[in-house]
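Chain A is the first sequence line, chain B the second, and so forth, proteins listed ahead of strands; every chain is numbered from 1.
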Amino acid sequence: MDNSVPPPREDKIFLYSLLPFASVIIAALILLGIILLDTSLPALKEYGIGLFMRNVWKPREDGPGEYGLLAPIIGTLETAIIAVIIALPMSLSLLILTEEMMPNKWRDLVSTLIDVMAGLPTILYGLWGIEVLIPFLRDHFMSFLHEKIGFIPLLSCQPLSGSSILAAGMLLSIMIIPFIYVIIRESYSTIPQSLVEAAIAYSSGWRHYVKFKIGLIKPALLGGLLLGFGRAAGETVAVALVIGNSFHLSSCIFAPGYTISSLIANQFANSMYYPLMSSVLFAGGLFLLSTGLALNYAGVKLIRRSRKLCQAV
Amino acid sequence: MTSTSLELERALEVKGLNVWLGEKQILHNITFKVNRGEILAIMGPSGSGKSTLLRAISRLLDHRTDARVRGEVLINGINVYTTNPYKARKYIGIVFQNPNPFPHMTIYDNIAVGPKLHKLVRSKTELDNLVRWALKSAMLWDDVKEKLNSYPAELSGGQQQRLCLARALAMRPKLLLLDEPTANIDPVNAKKIENIVKKMSREESVAVVIVTHTPAQAMRISDKVLFLFNGKTIEYGPTQVVASNPDHDLTQSFLRGEI
Ligand SMILES: Nc1ncnc2c1ncn2[C@@H]1O[C@H](COP(=O)(O)OP(=O)(O)OP(=O)(O)O)[C@@H](O)[C@H]1O
Ligand SMILES: [Mg+2]
């Protein structure tokens with residue numbers, strides 16, 4: 001940090017005494033990386049980069065078998081993209097609703113409720129997904145879309161069980177809406193009073209005023225979406241319940257699929273019977289770790305940038 | 001002069017204005033008028049409610065849930081508190097006490113955004129001209145003409161304040177509300193800005209309300225003075241009269257720079 005001051009000498013001892021605690025957590029992260037790399041090395045050696053680019057899942061008990069993680073990787077991206085696309089307008093509307101339109105009493109109630117939602121165990125969303133979301137999607141939403149606009153490749157396949165990429169994406173969106181909302185509300189509500197006043201003074205109406213303020217937190221909004229994307233990509237159990245767990249590679253979001261996380265959760269118990277399978281799963285973990293680190297890093301940076309931007313003047 | 005033209009003369013009329021923030025009453029029964037082409041200086045010690053008064057005039061207290069306003073504010077004869085506030089603000093240019101340019105917009109856009117949103121210009125050329133005129137009037141053109149597309153964070157505090165002045169002027173307001181516009185600006189530029197404000201009021205009949213801590217500045221540019229103390233008007237009248245013959249001891253000591 002550019003504005004930090006070196007602590008006076010006597011405080012240095014205190015500083016050093018804190019170091020072990022701080023370093024434990026950093027060490028844990030580094031160790032995690034090392035372990036993932038180490039355990040996935042056999043699979044990487046056997047299949048090379050093809051492990052991430054081929055779609056095949058042929059485990060063998062008496063040999064290395066054939067593995068490729070393309071379907072789960074694409075499934076991960078697809079579900080997370082669907083989730084973010086839905087979550088963006090939803091979390092923004094929630095933000096405007098609570099921050100600009102509701103009377104104080106309601107606003108506190110609703111935003112507390114959303115805070116609580118953000119912290120609920122995700123398996124609950126999974127159960128709700130199976131019980132409510134999937135039947136609804138199957139009976140009313142997917143077949144309707146398929147009949148009306150099925151010529152679009154994304155919607156081209158006959159919906160069957162309801163367990164699908166779409167179901168997983170929608171479920172994820174419901175899980176990350178509160179998460180993204182909390183992040184952008186933090187930035188939105190801390191826009192300095194002086195800028196709020198300038199925004200009011202030069203807007204030609206309430207809508208412009210809100211747009212102004214959203215413009216001010218744009219980096220944080222983008223950062224929130226990235227963090228939300230990372231979250232969606234890493235979600236496991238709830239997705240495993242609704243995605244259908246199939247290696248079938250399809251451009252249609254009504255088809256069942258897989259994500260890396262749900263693959264690991266589903267297959268890990270079996271993996272001890274097959275040589276290399278657990279190593280393949282760890283390689284999937286490595287993929288999640290590296291993309292997760294990159295996304296979260298960028299997201300956190302953007303949110304900081306947003307804060308700095310408002311403090312710059 | 002007929003009574004209607006008298007009405008039109010009156011750019012700003014404040015009648016019995018009371019403001020509360022939370023439990024505390026900040027302004028008590030403030031009443032004054034500013035005609036077109038007239039400059040009113042508001043003076044008073046720190047915390048006396050000067051900035052709050054400007055906020056109340058432009059309805060910038062609306063979004064504060066703890067603020068309560070009672071009384072009337074008429075701009076060009078229209079009660080601000082019973083019309084669409086965004087429409088009313090179209091005629092107001094406001095410069096706040098602390099520079100607050102939009103940090104996410106370029107220098108150019110900071111000035112252009114208001115006129116664009118309020119549809120004051122019809123073409124890009126017209127907008128370019130307006131921006132240049134506003135920057136020149138605010139004594140900022142020479143500083144920024146090479147970097148209209150950079151961001152205000154690159155400017156010094158005084159330059160940012162002049163940018164805010166340019167932003168206000170670009171609205172071609174009928175009423176200018178200036179909250180210590182020259183506080184962070186060197187004396188030479190401050191003097192130039194005073195002249196611009198004077199020119200706007202003389203030549204374009206803009207009504208000006210300027211908050212200032214500098215008695216000399218008030219003497220130089222204002223036609224009228226309103227002296228606030230603890231949210232109450234303790235002196236209000238033509239500048240010459242107040243300067244030579246103040247009603248109140250407090251005004252006297254303030255003018256002499258004692259408080
Ligand atoms: N949110 C608030 N709640 C309660 N009181 C407030 C609030 N904001 C400001 N005040 C009070 O309102 C009074 C007037 O403040 P204001 O900023 O209008 O003074 P000012 O005359 O502009 O002072 P200065 O010359 O220092 O700018 C002050 O006493 C201040 O403490
Ligand atoms: Mg003030």
Which of residues 197-230 of chain A have a heavy atom under 4.5 Å from any heavy atom of chain B?
-> A:Glu197, A:Ala198, A:Ala199, A:Ile200, A:Ala201, A:Tyr202, A:Ser203, A:Ser204, A:Gly205, A:Trp206, A:His208, A:Tyr209, A:Phe212, A:Gly215, A:Leu216
Of all heavy-atom pairs between B:Ser51 and B:Gln97, which one has the smallest distance, and what is that distance?
-> OG-OE1, 2.9 Å
Give every residue pair that meets the side-chain hydrogen bond (donor to acceptor under 3.5 Å, both in side chains) criterion with at least one member in residues 78-94 of chain A, sequence neighbours excluded.
-> none
From B:Lys136 atom NZ to B:Asn129 atom CG, the distance as rounded to the nearest 0.5 Å | 9.5 Å
List the steps and the verdict of side chain to side chain donor-acceptor pair (under 3.5 Å) for B:Tyr108 and B:Asp128.
-> CA-CA 9 Å; B:Tyr108 182 95; B:Asp128 285 346; 2.4 Å; yes
In terms of heavy-atom pairs under 4.5 Å, which option from B:Lys87, B:Met105, B:Arg64, B:His104 contacts chain A the most?
-> B:His104
Checking heavy atoms, do the side chain of B:Arg59, its backbone, both or neither come under 4.5 Å from chain A?
-> neither
For chain A, the option from B:Met171, B:Lys90, B:Lys119, B:His118 that forms the most heavy-atom pairs under 4.5 Å = B:His118
Heavy atoms, side chains only, cut-off 4.5 Å: are B:Leu163 and B:Ile111 in contact?
-> yes
Proximity breakdown for A:Glu100 and chain B, heavy-atom pairs closer than 4.5 Å | neither
Can any side-chain N or O of A:Arg231 pair as donor or acceptor with the backbone N or O of A:Phe179 at less than 3.5 Å?
-> no
Would you say the side chains of B:Gln161 and B:Asn184 form a donor-acceptor pair under 3.5 Å?
-> no
Are the side chain of B:Arg89 and the backbone N or O of B:Ser58 linked by a donor-acceptor pair below 3.5 Å?
-> yes
